[in-house]
2 protein chains.
Amino acid sequence: MSDRRSGQGYSGESLLFLTDEQLRQGIEAMFFAYRGFTAVPDRILADMAYGRAHHRAIHFINRAPGTTVNNLLAILGVTKQSLNRVLRTLISDGFVESRVGTVDKRERHLFLTEEGRSLEAKLSDAQRTRMRLAYKEAGPEAVSGFKKVLEAMMDPDMRRAYGKLRDSGS
Amino acid sequence: MSDRRSGQGYSGESLLFLTDEQLRQGIEAMFFAYRGFTAVPDRILADMAYGRAHHRAIHFINRAPGTTVNNLLAILGVTKQSLNRVLRTLISDGFVESRVGTVDKRERHLFLTEEGRSLEAKLSDAQRTRMRLAYKEAGPEAVSGFKKVLEAMMDPDMRRAYGKLRDSGS
DNA sequence: AGTTTAAGTCAGCCTTGTTGACATTCCAAG
DNA sequence: CTTGGAATGTCAACAAGGCTGACTTAAACT
């Protein structure tokens, strides 16, 4: 299977000849890179009986303070029961505060406590450092391509969520 | 934020001005993209009581037929107990064959059966299709940048494993 | 002969996903 | 105003798939 071309290769005029082999390299790159990407925070969290799920919750609460549980659910893509377990431990450990909504009392609005913000900083510092080094090594052109491909790889729903978060950035 | 720099303008020297906000976008992009990336195979596997772990094992056995358990362990980065559980079900379900080594009889060499290859094809077709569309949308330049950044993001060990696999490709 | 290595197994733990059942709150139709 | 349904969040129980630790078997090395 030396020069197998990828079926629908003739992408209009943009001349993208993609062999299965090239695509597979991309798949494996995603796998290995994602592991590297989560390795440092994972290690920090493991020491406090937390996991990746806690990290994700903390990240997005920090990103959008006052967000509701339902909001968070949609972004994280898990069941509310699953998220709830994580939130419960974060709240009882004093990293997250849950305030009953004033206009709609069914809703809970989530905030990081001082302690929560400090944990968030520790985790995201580690991850940003890794990201910064990768960017530096790959160069500016590569970075823009990186983001383009990732964005194209998302599910449409998540792409919308990502866009909203991105544009709301400080 | 007023003077946020985009980075990709100054491609010449290493003038990479990266705000925390830009880095966080990269972090979130990784999160959302990885989910999109695994979504389709996950759905296929869920119907047969398999998970992502089975997919990974099948992928790398297909990639390097005759690989040993120890090899697979190193690539997947899990414990042998964890891998063994997965491998056991794959073997008893007839997707994987385990042959005692001829030169070193302690080793077991792993191969996909006909059925295993067909499942692998189904899974990787789905994933390649997604990858191909993303590549097409992002364009050829973006693809090379994408791979560069991912490679830079890997742990050194994994980077070596990735390089070996990559260079052994058809 | 004794040690190391490859592989497999059993037991038990943790995180994190799932469903199902349930309580509370809101809102709109009767 | 009441009542029924929808939305929101919580509790409980289960499964997948990570992990550690202890142990066995067989083969290879020294």
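Residue numbering restarts at 1 for every chain, and letters A, B, ... go by the order of the sequence lines. For clarity, every value in this text was computed on a predicted model and none was experimentally measured.
- One atom, CG of L76(A), and another, C1' of dT18(C), lie 16 Å apart when rounded to the nearest Å.
- The residue V100(A) sits apart from the nucleic acid: no heavy atom pair falls under 4.0 Å.
- Listed nucleotides dA6(C), dT8(D), dA7(C) differ in distance to R106(A); the shortest reach to its side chain belongs to dT8(D).
- When atom types are taken as modelled, the side chain of S98(B) and the backbone of R108(B) share no donor-acceptor pair closer than 3.5 angstrom.
- Residue N70(B) places none of its side-chain N or O atoms closer than 4.0 Å to OP1 or OP2 of dT5(C).
- Closest contact between the side chain of Q81(B) and the listed nucleotides dT16(C), dA7(D), dC10(C) involves dC10(C).
- The distance between atom CG of L73(A) and atom C1' of dG17(C), rounded to the nearest whole Å, is 13 Å.
- Side chain of D104(B), nearest nucleotide from dC26(C), dT18(C), dA28(D): dA28(D).
- The phosphate of dA16(D) (OP1 or OP2) has no side-chain N or O of H54(B) nearer than 4.0 angstrom.
- Looking at which nucleotide of DNA chain C each of K80(B) and R108(A) is closest to, the 5′-most match is held by K80(B).
- Going from atom CZ of R99(B) over to atom P of dA7(C) covers 16 Å, rounded to whole Å.
- Each of G101(A) and G77(A) was matched to the nucleotide of DNA chain C holding its nearest heavy atom; the match closer to the 5' end belongs to G77(A).
- Residue T79(B) places none of its side-chain N or O atoms closer than 4.0 Å to OP1 or OP2 of dG18(D).
- Counting only heavy atoms from C-beta on, T68(A) has its side chain closest to dG9(D) among dT5(C), dG9(D), dA21(C).
- The NE2 atom of H55(A) sits 17 Å away from the P atom of dT15(C) (whole-angstrom rounding).
- Side-chain atoms of D104(A) come within 3.5 Å of backbone atoms of R106(A) as a donor-acceptor pair (strictly under, hydrogens ignored).
- Applying the 4.0 Å criterion to OP1 and OP2 of dG8(C), one finds that N84(B) has a side-chain N or O inside that range.
- Atom CG in D42(A) sits roughly 11 Å away from atom P in dC19(D) (whole-Å rounding).
- R52(B) places its CZ atom 10 Å from the P atom of dG17(C), with the value rounded to the nearest Å.
- Between the D155(A) side chain and the D157(A) main chain, no donor and acceptor come within less than 3.5 Å of each other.
- Using a 4.0 Å heavy-atom criterion, one finds that A49(A) contacts the sugar-phosphate atoms exclusively.
- With R56(A) contributing its side chain and L76(A) its backbone, the two residues share no donor-acceptor pair below 3.5 Å.
- Distance, K105(B) NZ to dA28(D) P: 6 Å, rounded to whole Å.
- The CG atom of L72(A) sits 14 Å away from the P atom of dT16(C) (whole-angstrom rounding).
- Taking a cutoff of 4.0 Å between a charged side-chain nitrogen and a carboxylate oxygen, E21(B) and R24(B) qualify as a salt bridge.
- In this structure, R88(A) reaches the dC11(D) phosphate: one of its side-chain N or O atoms is under 4.0 Å from OP1 or OP2.
- Within the structure, every side-chain polar atom (N or O) of R85(B) is placed at least 4.0 Å from both OP1 and OP2 of dG18(D).
- For E107(A) against dG9(D), no side-chain N or O and base N or O form a donor-acceptor pair under 3.5 Å.
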message = Before you tell me yes or no, could you show the steps for R128(B) and D125(B) under salt bridge (charged side-chain N to carboxylate O under 4.0 Å, His left out), namely the whole-Å CA-CA distance, both residues' side-chain angles and the distance that decides it to 0.1 Å?
response = CA-CA 5 Å; R128(B) 272 199 301 267; D125(B) 275 358; 2.7 Å; yes
